[in-house]
Amino acid sequence: MANRFPSEYRETLERLIEQMSEEARLQGLQAPVDYAALRARLREADFGLCRRCGAVLSLARLVRNLSVTLCQQCEDARR
């Protein structure tokens, strides 16, 4: 089954990761973020889908936290 996560979201996130990586490099920061791992995560079959209910995660939610794996509703229910 194909991932329902919109490809334009994925492209936006790829650009964001690249921008963050470049900014960290230019500032000489030892970033706590593993950008290679984030790029690899973008290629995973279930990326962008809630691991609990399967809903497509919002782009805004992913931009705030690229490692999020639950939609807002499932996250709220977990609390």
Side-chain angles (χ1 to χ4, degrees):
M1 179 183 199
N3 186 322
R4 301 180 324 272
F5 190 72
S7 60
E8 58 272 11
Y9 284 15
R10 192 178 311 271
E11 292 164 6
T12 297
L13 293 171
E14 287 173 351
R15 286 192 301 274
L16 176 64
I17 292 167
E18 188 58 39
Q19 179 183 7
M20 290 167 37
S21 176
E22 182 63 15
E23 287 174 6
R25 186 190 67 76
L26 289 173
Q27 294 176 16
L29 299 176
Q30 292 295 332
V33 177
D34 183 348
Y35 295 106
L38 286 175
R39 286 186 195 100
R41 173 89 176 99
L42 284 173
R43 293 183 206 87
E44 291 177 8
D46 66 345
F47 178 81
L49 302 178
C50 177
R51 292 208 173 155
R52 185 172 179 200
C53 73
V56 174
L57 300 173
S58 75
L59 181 58
R61 186 162 168 75
L62 284 164
V63 167
R64 283 191 308 273
N65 181 354
L66 288 166
S67 64
V68 72
T69 59
L70 297 175
C71 68
Q72 188 65 57
Q73 188 173 6
C74 288
E75 183 69 33
D76 291 345
R78 202 173 101 186
R79 292 180 191 172

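Start at 1 with the first residue, then count along the sequence.
- You'll find the side chain of L66 reaches within 4.5 Å of the side chain of M20, heavy atoms only.
- For the pair F47/L13, a side-chain contact is recorded, criterion being any heavy-atom separation below 4.5 Å from C-beta on.
- A donor-acceptor pair under 3.5 Å is absent between the side-chain atoms of S21 and the main chain of I17, judged by distance alone.
- Contact check for Q19 versus E22: no side-chain heavy atoms found under the 4.5 Å cut-off.
- The pair R15-E18 does not meet the salt-bridge criterion, since no charged nitrogen lies less than 4.0 angstrom from a carboxylate oxygen.
- The shortest heavy-atom contact between C50 and C53 is SG-N, 3.4 Å.
- Residue R52 comes nearest to R78 through the heavy atom pair NH1-N, 4.1 Å, listed as atom of the first residue, atom of the second, then distance.
- Residues R10 and R43 form no side-chain contact, since every pair of their non-hydrogen atoms from C-beta on lies 4.5 Å or further apart.
- For the pair R39 and E14, the minimum side-chain heavy-atom distance is 4.5 Å or more.
- For the residue pair R51 and E44, the shortest heavy atom distance occurs at NH2-OE1, 3.8 Å.
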Candidate pair L16 and E11, rule side chain to side chain contact (heavy atoms under 4.5 Å, CB included), full reasoning: CA-CA 9 Å; L16 176 64; E11 292 164 6; over 6 Å; no

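- Within the 4.5 Å cutoff, the side chain of F5 has heavy atoms near those of the L62 side chain.
- Few gaps surround CD on E23; more than 12 heavy atoms of other groups in view lie less than 6.0 Å from it.
- Considering only heavy atoms from C-beta on, L49 stays 4.5 Å or farther from L57 through its side chain.
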